[in-house]
Amino acid sequence: MKITILTLFPEMFESFLNNSIIKRAIARNLVEFELVNIRDFTKNKNYRVDDYPTGGGAGLIMQCQPVIDALKSVKTPTSKSIITSPRGKSFNQQKALELSKEEHLIFVCGHYEGIDERVNKYIDEMISIGDYILTGGEVPVMAMSDAIIRLIKGVISEESIVDESFNNGLLEYPQYTFPYDYEGDTIPDILFSGNHEAIAKYRKKQSLVLTREYRKDLFDNYPLSKQDKKLIEEVDQGITPKWETDAIEKGKKFKKSK
């Protein structure tokens with residue numbers, strides 16, 4: 001995949017492109033980044049790319065000419081151009097998965113009070129990352145790029161992606177690592193049982209509970225199976241089921257026999 005970013009501030013992406021998973025994905029040729037400075041396309045002798053709003057108003061508006069010319073210079077028949085806008089549909093995991101299958105993404109980063117309306121005629125899709133205002137489009141583009149790149153095959157293990165929040169419609173189950181006991185707060189014993197089926201069941205239960213508590217909107221739209229309903233019932237009634245206690249006890253016996 002190739003990601004082209006049209007921006008007035010390409011330096012903002014230096015740290016983003018040179019750290020962690022993104023840097024490794026680039027090094028392994030799984031993704032290619034191209035930073036295009038919109039200012040390079042202005043016809044203004046002072047390299048100005050903005051002007052006052054026609055008809056009056058606060059702030060400055062990015063002019064259409066440099067943005068459109070920059071876009072034309074990189075767009076191909078297989079490109080998909082995107083701009084962040086409150087008019088767009090909300091960005092989510094499903095949209096990230098959809099965009100990860102594209103051959104070439106072009107992100108246009110707005111700035112100041114906005115971009116001349118005529119630029120939108122050259123854009124394939126508008127996307128919103130939330131109902132709030134940021135100084136520019138650079139931060140949203142970093143967030144979307146990060147979400148998209150990690151879904152490209154080979155960037156991270158497929159197992160990691162499968163269990164993440166939102167991929168199956170639920171929040172991810174709680175994760176732990178050593179020490180076992182930290183100031184009296186211990187890791188659930190079932191995670192040491194070695195019984196993968198019981199652990200998977202326990203984790204599904206936790207996902208259901210967390211989603212119901214923190215993201216009722218997701219929970220209400222999740223199709224509960226008979227087993228899901230039983231798992232929730234166990235929590236609501238304060239029951240530790242036999243499958244759970246058996247798995248924990250067998251795990252303890254296994255440890256003693258070693």
Side-chain angles (χ1 to χ4, degrees), residues 20-21 86 88-101 127-132 140 143-258:
S20 188
I21 290 171
K89 291 183 179 179
S90 295
F91 185 75
N92 56 26
Q93 190 70 3
Q94 187 56 44
K95 175 56 69 173
L97 182 60
E98 179 187 318
L99 294 178
S100 72
K101 297 172 183 176
I127 296 178
S128 170
I129 67 160
D131 295 338
Y132 49 88
M144 288 190 288
S145 295
D146 187 289
I148 292 164
I149 290 167
R150 62 198 314 284
L151 294 175
I152 296 172
K153 189 173 182 179
V155 173
I156 60 176
S157 70
E158 291 185 26
E159 184 181 11
S160 295
I161 293 172
V162 169
D163 288 335
E164 288 180 329
S165 292
F166 309 117
N167 274 340
N168 63 357
L170 298 172
L171 295 180
E172 186 179 8
Y173 48 78
Q175 297 275 26
Y176 302 88
T177 190
F178 293 101
Y180 167 72
D181 187 326
Y182 181 74
E183 296 184 350
D185 195 356
T186 59
I187 297 173
D189 288 330
I190 192 166
L191 298 178
F192 295 99
S193 69
N195 186 325
H196 298 297
E197 185 179 344
I199 290 172
K201 211 170 179 180
Y202 171 81
R203 284 174 166 171
K204 180 66 180 292
K205 183 196 292 187
Q206 298 307 307
S207 286
L208 289 165
V209 170
L210 288 175
T211 305
R212 185 175 64 173
E213 181 178 356
Y214 293 102
R215 290 295 304 272
K216 191 71 164 47
D217 56 323
L218 294 177
F219 184 81
D220 288 343
N221 288 318
Y222 185 78
L224 295 172
S225 66
K226 287 183 179 180
Q227 185 184 76
D228 293 338
K229 292 176 182 177
K230 190 170 183 180
L231 291 173
I232 293 170
E233 189 178 297
E234 290 169 359
V235 174
D236 291 343
Q237 294 181 5
I239 297 169
T240 302
K242 189 173 185 299
W243 61 263
E244 191 170 336
T245 54
D246 285 351
I248 292 170
E249 286 305 313
K250 286 180 181 178
K252 288 178 180 177
K253 289 178 182 177
F254 176 73
K255 282 182 180 179
K256 289 179 182 178
S257 66
K258 289 182 72 175

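Numbers here are sequence positions counted from 1. In this text, all values refer to a predicted model and were calculated from it rather than measured experimentally.
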With a 4.5 Å heavy-atom cut-off, do [X] and [Y] have their side chains touching?
X      : Y      : answer
Trp243 : Ile190 : yes
Ile248 : Thr240 : no
Tyr222 : Leu208 : yes
Lys205 : Glu234 : yes

TODO: Work out which heavy atom in Ala247 is nearest to a heavy atom in Ser193; give both atom names and the distance.
DONE: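 Smallest interatomic distance, heavy atoms only, reads O-CB, 3.2 Å.
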
TODO: Taking all heavy atoms of Leu210 and all of Leu171, pick out the closest pair and write down the distance.
DONE: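 Scanning both residues, the minimum pair turns out to be O-CD1, 3.8 Å.
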
- [ ] Can you sort out the partners of Tyr176 under ring-ring contact (aromatic ring centres under 6.0 Å, His included), two or more places apart, ordered by chain and number?
- [x]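 Testing Tyr176 for ring-ring contact (aromatic ring centres under 6.0 Å, His included), a comparison that skips the adjacent residues, returns none.
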
Can you tell me how far apart [atom1] ([X]) and [atom2] ([Y]) are? Round to the nearest 0.5 Å.
X      : Y      : atom1 : atom2 : value
Ile187 : Tyr180 : CD1   : OH    : 8.0 Å
Ile232 : Gln227 : CD1   : CD    : 11.0 Å
Ser20  : Ile156 : OG    : CD1   : 10.0 Å
Leu231 : Leu224 : CG    : CG    : 10.0 Å
Asp228 : Leu170 : CG    : CG    : 7.5 Å
Gln175 : Leu191 : CD    : CG    : 8.5 Å

TODO: Run the salt-bridge test on Lys230 and Glu233 with the 4.0 Å N-O cut-off and return the result as yes or no.
DONE: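 No, this pair does not count.
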
Task: Listed partners of Asp220 passing side-chain hydrogen bond (donor to acceptor under 3.5 Å, both in side chains), at least two apart - done: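 Residues passing side-chain hydrogen bond (donor to acceptor under 3.5 Å, both in side chains) with Asp220: Lys216.
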
Open item on the list: Can you tell me how the ring of Phe178 sits relative to the ring of Phe192, calling it parallel under 30°, perpendicular over 60° and tilted otherwise?
Closed with: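 Correct class here is tilted.
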
Open item on the list: Under a 3.5 Å distance rule, please check whether Ser207 uses its side chain to pair with a backbone N or O of Tyr173 as donor and acceptor.
Closed with: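 Here the side-chain-to-backbone pair exists.
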
Open item on the list: For Asp217, I'd like to know if atom CG has over 12 heavy atoms of other residues, nucleotides or ligands within 6.0 Å.
Closed with: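 More than 12 heavy atoms, drawn from other residues, nucleotides or ligands, come within 6.0 Å of this atom.
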
Open item on the list: Can you confirm whether more than 12 heavy atoms, excluding those of Asp181, are under 6.0 Å from its CG atom?
Closed with: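 Correct, the count exceeds 12.
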
- [ ] Would you mind telling me which of Glu98, Gln93, Lys101 makes a side-chain contact (heavy atoms from CB on, under 4.5 Å) with Leu151?
- [x]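 Exactly one option meets the side-chain contact (heavy atoms from CB on, under 4.5 Å) with Leu151, and it is Gln93.
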
